[in-house]
There are 2 protein chains.
Amino acid sequence: MGHGLILTINWRQLNVYGGFAVKQDSLKSILAGKGLRLTRARQDIITAAQAMKGHFDPQNLYDSLKEKGSKASRASVYRSIPVLLEAGIISEAERTDRCTHYEKVTENRHHDHLTCLRCGTTIEFYSPTLEMLQDEICQRENFKGIRHNLDILGYCRECVDK
Amino acid sequence: MGHGLILTINWRQLNVYGGFAVKQDSLKSILAGKGLRLTRARQDIITAAQAMKGHFDPQNLYDSLKEKGSKASRASVYRSIPVLLEAGIISEAERTDRCTHYEKVTENRHHDHLTCLRCGTTIEFYSPTLEMLQDEICQRENFKGIRHNLDILGYCRECVDK
DNA sequence: TCATTAGTTGAGACAATATCTCATTAAAGG
DNA sequence: CCTTTAATGAGATATTGTCTCAACTAATGA
């Protein structure tokens with residue numbers, strides 16, 4: 001499971017995550033393969049998303065764009081999110097009552113989250129067994145799993161006694 | 001994991017889920033123990049929640065109340081949801097981009113969901129192994145798990161080829 | 001280079017969802 | 001009853017997400 005799409009793998013190879021630039025031409029051709037264009041707004045959004053630290057929601061991303069002086073609109077941010085998801089640039093981190101949070105895809109592999117109900121801290125974890133188990137469940141139910149969200153809510157070490 | 005709280009267990013014992021009435025006195029005393037009152041609005045909301053079939057969101061619940069002629073306001077519905085959750089009367093079913101969906105807690109044990117990205121169908125499943133695995137993960141991370149949400153997104157049997 | 005085509009955009013309207021305010025009501029316990 | 005205080009309803013407000021549409025621009029081919 002995890003990120004799954006072939007496109008994801010290409011993106012991962014194309015992007016150098018230490019702060020280096022993305023190879024524009026290759027990026028462009030991948031988008032082209034999907035009938036998409038690498039426009040200014042899309043570039044700005046991709047750059048901003050890759051510069052985000054930790055979890056962020058669409059509004060955070062928009063704010064960050066404004067800070068950098070980009071003209072990209074809120075609508076474009078929302079419109080780009082499915083693209084960024086499918087391209088493997090970002091992934092869903094957690095869904096709150098308010099909105100969905102995302103995080104950039106880095107060299108880290110897929111992971112799930114423990115979220116503290118008191119202080120809001122999130123602890124990332126990855127369990128291969130859990131991933132396999134989910135694949136099994138999907139098979140059993142004749143379901144083609146694409147991705148998943150597992151959020152375990154509770155209390156972290158610091159908050160458990162309070 | 002699953003529902004976890006002591007209060008939940010009490011509720012489960014108090015409520016007869018086949019359509020019988022909730023024992024008002026016990027219910028009241030439990031609320032009292034938390035400094036809460038069993039008001040008319042709260043009663044209506046609890047009754048309505050228990051009468052809901054399948055998944056529902058706050059608006060569905062409010063609509064249902066109006067159908068039954070209750071005066072309870074939308075604000076009260078939103079205000080009651082955390083209470084109903086903690087009391088184990090409802091549980092979170094899934095979070096969409098728009099809002100959170102809930103379902104009443106019945107004699108069915110806790111389960112997770114497979115959600116089809118195309119037609120929106122949800123398939124419920126329960127895996128004891130998966131539950132145990134999560135407990136292990138929590139232990140490993142020194143985290144006190146209270147509840148969790150696992151939503152596997154993908155394509156169901158009918159939609160996988162389309 | 002220029003013209004055509006079609007995907008994309010920004011702005012703001014709009015819709016949907018959630019929270020807040022506050023005067024009023026009504027439980028609970030004397 | 002009376003007091004105290006949680007809870008309420010109504011509507012204002014804030015937040016979040018989608019939609020429309022004229023203008024723009026990337027891609028393509030002449």
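Reckoned from all heavy atoms, side chains included, excluding hydrogens, waters and symmetry mates. Letters go in sequence order (proteins before strands), and every chain restarts at 1. Note that the structure is a prediction, hence the values are computed from the model and not measured.
- Looking at A:T39, its side chain does come within 3.5 Å of a backbone N or O of A:R42 through a donor-acceptor pair.
- With hydrogens and angles ignored, no donor-acceptor pair closer than 3.5 Å exists between the side chain of A:R74 and the base of C:dG10.
- Residues B:T100 and A:S70 each lie close to DNA chain C; by heavy-atom proximity, the contact nearer the 5' end of the strand is made by A:S70.
- A:K71 places its NZ atom 8 Å from the C1' atom of C:dT9, with the value rounded to the nearest Å.
- The side chain of A:R37 lies closest to C:dG7 when the candidates are D:dG9, C:dG7, D:dT8.
- Contact annotation: B:Y78 reaches the phosphate of C:dA18 (side-chain N/O to OP1 or OP2, under 4.0 Å).
- Annotation for B:S91 and B:L85: closest pair CA-CD2, 3.8 Å, computed over non-hydrogen atoms.
- As rounded to whole Å, 19 Å separates atom P of D:dT16 from atom CD of B:Q59.
- You'll find the ring centres of A:H113 and B:H148 outside the 6.0 Å limit.
- Applying the 4.0 Å criterion to OP1 and OP2 of D:dT25, one finds that A:T39 has every side-chain N and O outside that range.
- In this model, the phosphate group of C:dT9 is not approached by any side-chain N or O of A:S73 to a distance below 4.0 Å at OP1 or OP2.
- Counting non-hydrogen atoms of neighbouring residues, nucleotides and ligands closer than 6.0 angstrom, the NZ atom of B:K71 reaches no more than 12 such neighbours.
- Between A:L65 atom CG and C:dG10 atom P the separation is 9 Å, expressed in whole Å.
- At a cut-off of 3.5 angstrom, the base of C:dG7 holds no donor-acceptor pair with the side chain of A:R79.
- If you check D:dA7, C:dC20, D:dC19 against the side chain of A:A75, the one that comes closest is D:dC19.
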